[in-house]
Amino acid sequence: MNIRRFSFTILKKEKSHNLFYMLFLIVSITFMTLFINIITDEMILPPTMNLDGIATGICMISLVIVVVIGFYAYNYFLAIKLKLIGIFKLSGTYITSMLQFLFTQTFSLYLVCIPIGILLGTGGSIIFSKFVYQISGVSYPGFQISLKATIYTLVIVLVQAFYLAVMAYGFIHRHEIKTLLGYQQSKEHGEEAHYLNFNFEIPSWLFVIIFVGALFLLATSKNLVENFLVYGNVVLIVCIGKIIDKFIPKINSYLRKQKCITDKINLITLANLDVTLSRCAMLLQVLSFGLLFTICYITAYAKSPGDLTLMYVVYLMIIIVLSLSIMYQVLMESRTRNKSFKQLAKIGYTKKEITSVIAKEVFLFYLLIVFLSTIYPITALILFVSSKIISAFLAIQLITFFLFVMFVTGIIVYQNYKNMIYQEIE
Amino acid sequence: MKEIIKASNVSKVYNQGTNAAVQAIKRVDLTIYEGEFVAIMGPSGAGKSTLLNVLTTIDTPTTGEIMIDDVNISLMDEKKRSEFRYKELGFIYQDYNLLENLTIYENIALSLTMTKESKAEIERRVNQVAERLEVSELLDKYPNECSGGQQQRVAIARTLAIAPKLIVADEPTGNLDSKNSNEVMKLLVQLNKNETTTLLIVTHDSMVASYAKKMLYINDGVIEEELLRGNQTKKEFFNAIVDINSKEIFIEDLL
């Protein structure tokens, strides 16, 4: 079998995994097309509502976020091929053949997703444009598909694909056969995690105190929007990662040893949750930052309908793209649990108990990420509403949309996780 | 001696009713008594692991009857089977099967957690078996921070913590060097002698099988030979096992 045909065979076999990656690709290309249309097409907004420098900058930042998260998602796509690449390397396959294998798979998926994404993005641009004209009271001149925006999108996606190819090359080159074959795939647990790059240890509870204390200070400050936008986001960037990486694992470890050692469901739930959370630390950091950042900008532009709509789109993009990435990451992590759950079934866990472990893990995971990522935005929104900077309706709308997306992705994760484990243990 | 497992006329067919149907074991009759140490040997694909899985309720037989402690397992519901597995059985595998997200302490404690022991009792028994198997210094580590030999000792510690009636081991020394293999086998023999734990081991290794009191040779899903150690020395028993294993290779060469 030649390498190209083999790539397609494997692509077919990993159907469910590839469907999630394709979904992510389509959504990210859709948002890329939409933002590029907004930046480059002068007719998309009414003449009275031309974008200022800040709005264009935010569109650019959003574009960069989508592209960067694309790299992150590609990492999971590659992670599932570790063992196969390891076997390739072990059997002395040329690096060119391995690259051909990865390129065929990656570019095939891109070929399918690019037209769908551009089509959806263009559709989204039409809806966006119509809506903005409507709320501005200017008659809608009709939308013309911007060739420039389509070409720019294609160029950005192709540049991204090129860098992914470079990443794939680095991936093959960098990893040793032993790592690829899966001997070192599990989470590294070590003392090193308790240290920063300084000569002294920063206790993890200090980050919790900073997190809570800063929230209190921000809530009592005068320039609410500016302070939340600048200081709030700095605190989130510094503290969220440390809380997930250091504080929560300590609490988790204490609970497991002191409270849950006699509870067979909670013991496994907490152990799995610890690993899942640490894998998503970076995404959660970006999510909490993105939420607070866009909420502050929405508040700042609340009186300008065009800008408000644009910021709303950015807000939707951040929530959808990041929740898809989190979903994808959790599902990839759950794939590595097949063996553990099979082992649990062998030593006497019933199917009902295994289902309970999965349900509790997914529930606690989403509860924690919703709590950690919304505590600042919700406080900010309550203060903005009570200071009459924005309406309560807008605040409720923003939070409800976030909770709705999290709820839907949580249900999808639970169903897929459960089905994957059932297939293994039955 | 009391019967622990009695299999009568047990067969297992995979993909039954399709063109890809495979009969893994064929009408096997087997009785395992309390305190026995039985090794199951045979070529790859002979049905050794299938037999082990069927005897320990992990897999269900297509036909035949299996009695465990005078209870027909086909009449047990899922809950009862699970209960039987965590109360009466201890598993040891070639690839250790430790849960990588749990610490060594939690891995050993898990079997006791399942039998609903108190926290103090769990702590006492985990420390006791950890000391006995010389893994005390590993208790706060994770499996991926331990060597193969250490992981297998932890897997045995997890099994010993509940003092099961029957220990089932599938190639327990398959991933270990000869020094660690010997240590593991000596531990198992000690358990069988001092605590009258029944042992059922699947192995390819004649040396490992020579520690047993009885060897069953399985081929094409059928138990072809049954060899008792009796009064033979370990070396004599080892030679007898090698003879049976090499007979198969000799016939293959002739054909």
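Since the model is a prediction, treat every value here as computed from it, not as a measurement. Each chain gets a letter, A, B and so on, in the order the sequences are listed, and its residues count up from 1.
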Inset, instruction - Measure the spacing between NZ of Lys346(A) and OH of Tyr93(B) and express it to the nearest 0.5 Å. - result: 3.5 Å
Legend entry - Inter-residue atom distance Asn101(B).CG - Glu333(A).CD, 0.5 Å rounding: 7.0 Å
Inset, instruction - Sort by residue number and list every member of residues 352-370 of chain A having a non-hydrogen atom under 4.5 Å from chain B. - result: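 Residues of residues 352-370 of chain A touching chain B at under 4.5 Å: none.
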Inset, instruction - Write out, in numerical order, the residues from residues 255-269 of chain A with a heavy atom short of 4.5 Å from a heavy atom in chain B. - result: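 The list, in residue order, reads Arg256(A), Lys257(A), Gln258(A), Ile261(A), Thr262(A), Asp263(A), Lys264(A), Leu267(A), Ile268(A).
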Inset, instruction - Check whether Asp140(B) gets within reach of chain A through its side chain, its backbone, both or neither, counting any heavy atom under 4.5 Å. - result: side chain
Legend entry - chain A-proximal positions within residues 76-87 of chain B [heavy-atom distance under 4.5 Å]: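 Within residues 76-87 of chain B, the residues that come under 4.5 Å of chain A (heavy atoms only) are Glu78(B), Lys79(B), Ser82(B), Arg85(B), Tyr86(B).
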Legend entry - Interface residues of residues 116-132 of chain B facing chain A - non-hydrogen atoms under 4.5 Å apart: Glu117(B), Ser118(B), Lys119(B), Ile122(B)
Given that the side chain runs from C-beta out, which part of [X] has a heavy atom under 4.5 Å from chain B: side chain, backbone, both or neither?
{"X": "Lys342(A)", "answer": "neither"}
{"X": "Lys339(A)", "answer": "side chain"}
{"X": "Tyr349(A)", "answer": "both"}

Inset, instruction - Check whether more than 12 heavy atoms from other residues, nucleotides or ligands sit under 6.0 Å from atom NZ of Lys6(B), and answer yes or no. - result: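 Check fails, neighbour count at 12 or below.
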Inset, instruction - Could you tell me whether Tyr14(B) atom OH has more than 12 heavy atoms of other residues or ligands within 6.0 Å of it? - result: yes
